[in-house]
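These numbers come from a predicted model, not from an experiment. Note that the numbering runs from 1 along the sequence shown for the chain.
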Amino acid sequence: MNCLEKYRRKLVREVNRDLGSLAEVPDEVAVHDFRVGVKRLKALYYFLQEIESSLEARDLLKPYRSLSRLIGKIRDAHIAVHLIEDLDEVGPEDSANLIGALKLKIRRDYGLFQKFAQSGSRLTVRVPTIRATGISERSILRHKPIVLDALLQQILTVAQNMNDERWHGKRILLKRYHHTLDAFCFCPGHVADEREQRQIRMLEELLGDWHDRVITQEILQSLQGVAATSQNVIAVMKKQDRLLLGSAKIYLRKFALWHRRS
């Protein structure tokens, strides 16, 4: 399907551009954009796998998993730095010590990425074209609403025993739903529902801010030499993440109600 292929080519071109930048310097924008691009590619190929099960999207993207994990660690530390910079509860000296420890971690993680890049590992993302998958345009159009509706139902269904891991899983599904919708942006006749888009963005922001604080707590627990300060910040982060998750739960109920009415 030409419109999906146009989207795929754009993604691959941008992801490889970001990789080229990262080979030179741990640019924060390139780190972020690479991570988003990989998630968009995953959403596209998981969508195609729903149509043709033999495609095995996980295996297609497997060569880039280690690369994505390495860059993901850098991205998580960048986020932690910004969160600590915004904390009024932390004094300037403690903040400087924590940020210094995080920046040291970023340099170390970037060093691991450079070693990976210099080891001859693949630093170019290559994935099959839409034509190469053998999936017809008719099949794509027929399955599009089915796949999107299945994702939506998983997002809107909340079990009673939802722990942090399950909420993170729901966040991933929400992003996959959003990215799958975006994959059709070049397709004739495709019009995104701006009302739904606004609600998705709000829910993504709430769950994203919650998860950032959960990950930051994990990073702070692993830092050496700043344990006392880390514990104080972790306590603040924990309060924030509970408030954000509570807000996300409320907003998810509103999102579900809006869909039932629409």
Side-chain angles (χ1 to χ4, degrees), residues 14-15 18-19 21-22 25-43 64-92 94-114 116 164-176 178-179 200-227 229-248 251:
E14 291 174 349
V15 164
D18 295 328
L19 271 179
S21 297
L22 290 173
V25 63
D27 178 70
E28 188 170 343
V29 174
V31 168
H32 171 264
D33 290 350
F34 173 82
R35 292 273 290 162
V36 172
V38 168
K39 289 173 184 176
R40 288 181 179 276
L41 279 172
K42 285 176 68 176
Y64 316 110
R65 204 168 296 150
S66 296
L67 181 63
S68 188
R69 277 198 295 266
L70 286 170
I71 294 175
K73 289 181 180 180
I74 299 171
R75 172 62 182 162
D76 290 341
H78 281 151
I79 290 170
V81 167
H82 292 309
L83 287 177
I84 291 168
E85 287 174 338
D86 291 340
L87 280 183
D88 295 330
E89 296 89 343
V90 182
D94 287 340
S95 178
N97 288 337
L98 284 177
I99 290 171
L102 286 165
K103 288 185 175 179
L104 177 60
K105 173 178 164 43
I106 290 170
R107 288 194 294 271
R108 288 173 176 167
D109 288 337
Y110 182 64
L112 292 174
F113 166 74
Q114 285 184 311
F116 183 86
D164 283 358
E165 184 178 354
R166 289 191 172 189
W167 277 109
H168 179 48
K170 195 166 289 294
R171 175 175 172 260
I172 290 171
L173 287 171
L174 181 65
K175 283 185 174 294
R176 189 170 296 169
H178 190 181
H179 293 332
I200 289 172
R201 285 193 293 268
M202 176 60 75
L203 195 49
E204 281 184 331
E205 184 175 336
L206 288 168
L207 286 172
D209 288 349
W210 160 75
H211 190 251
D212 287 347
R213 284 156 178 78
V214 171
I215 293 298
T216 296
Q217 290 172 57
E218 294 176 2
I219 293 173
L220 291 176
Q221 287 171 345
S222 70
L223 294 179
Q224 302 296 318
V226 287
T229 307
S230 290
Q231 290 309 309
N232 293 334
V233 174
I234 287 169
V236 175
M237 292 280 175
K238 194 174 289 294
K239 289 179 182 177
Q240 291 182 348
D241 84 52
R242 292 305 95 185
L243 287 171
L244 285 162
L245 185 57
S247 297
Y251 211 87

Q) With a 4.5 Å heavy-atom cut-off, do L67 and L19 have their side chains touching? A) yes
(Q) I'd like to check D212 versus L83 (side-chain heavy atoms, cut-off strictly below 4.5 Å). Are they in contact? (A) yes
Q | Residues forming a salt bridge (charged side-chain N to carboxylate O under 4.0 Å, His left out) with D164, sequence neighbours excluded | A | R242
Check: residues 233-241 side-chain donor-acceptor pairs under 3.5 Å, at least two apart:
unit_1	atom_1	unit_2	atom_2	d
K238	NZ	Q217	OE1	3.3
Q240	OE1	R213	NE	2.7
D241	OD2	Q217	NE2	2.7

Q) Rounded to the nearest 0.5 Å, how far apart are CH2 of W167 and CD1 of I172? A) 14.0 Å
**Q.** side-chain hydrogen bond (donor to acceptor under 3.5 Å, both in side chains) against R166, all qualifying residues, sequence neighbours excluded
**A.** N161
Q: Heavy atoms only: give me the nearest V38-S68 pair and the separation to one decimal.
A: CG1-OG, 4.2 Å
**Q.** side chain to side chain contact (heavy atoms under 4.5 Å, CB included) partners of S66, counting only residues at least two apart
**A.** R69, F116
(Q) Give me the atom names and distance for the closest heavy-atom approach of L22 to F113. (A) O-CE2, 3.3 Å
Validation: residues 200-209 side-chain donor-acceptor distances under 3.5 Å, sequence neighbours left out:
unit_1	atom_1	unit_2	atom_2	d
R201	NH2	E194	OE2	2.7
E204	OE1	H178	ND1	3.0
E204	OE2	H178	ND1	3.1

Q: Any chance you could measure I219, atom CD1, to I84, atom CD1, to the nearest 0.5 Å?
A: 9.0 Å
Q | For D27, side chain to side chain contact (heavy atoms under 4.5 Å, CB included) partners two or more places apart | A | V25, V29, A30
Q.
Rounded to the nearest 0.5 Å, what separates atom OG in S247 from atom CH2 in W210?
A. 13.0 Å
Q) Who passes ring-ring contact (aromatic ring centres under 6.0 Å, His included) against H168, sequence neighbours left out? A) H211
Q: List in chain and number order the residues that pass side-chain hydrogen bond (donor to acceptor under 3.5 Å, both in side chains) with E14, two or more places apart in sequence or in another chain; answer none if no residue qualifies.
A: K10
Q: Look up atom OG1 in T216 and atom CG in L102, then write down how far apart they are to the nearest 0.5 Å.
A: 8.0 Å
Q: Can you measure from CD1 (I71) to NE2 (H32) and round to the nearest 0.5 angstrom?
A: 13.0 Å
**Q.** Any residue meeting salt bridge (charged side-chain N to carboxylate O under 4.0 Å, His left out) with R65, in chain and number order, not counting sequence neighbours
**A.** none
Q.
If the condition is ring-ring contact (aromatic ring centres under 6.0 Å, His included), which residues does H179 pass it with, not counting sequence neighbours?
A. none
Q) Does the pair S230 and L98 meet the rule for a side-chain contact (heavy atoms from CB on, under 4.5 Å), with working shown? A) CA-CA 7 Å; S230 290; L98 284 177; 3.5 Å; yes
Q: Could you list all the side chain to side chain donor-acceptor pair (under 3.5 Å) pairs where at least one residue sits in residues 96-105, not counting sequence neighbours?
A: K105-D109
Q. Could you give the distance from CG (L70) to OH (Y64), rounded to the nearest 0.5 Å?
A. 15.5 Å
**Q.** Any pair counted as salt bridge (charged side-chain N to carboxylate O under 4.0 Å, His left out), so long as it reaches residues 72-91, sequence neighbours left out
**A.** none
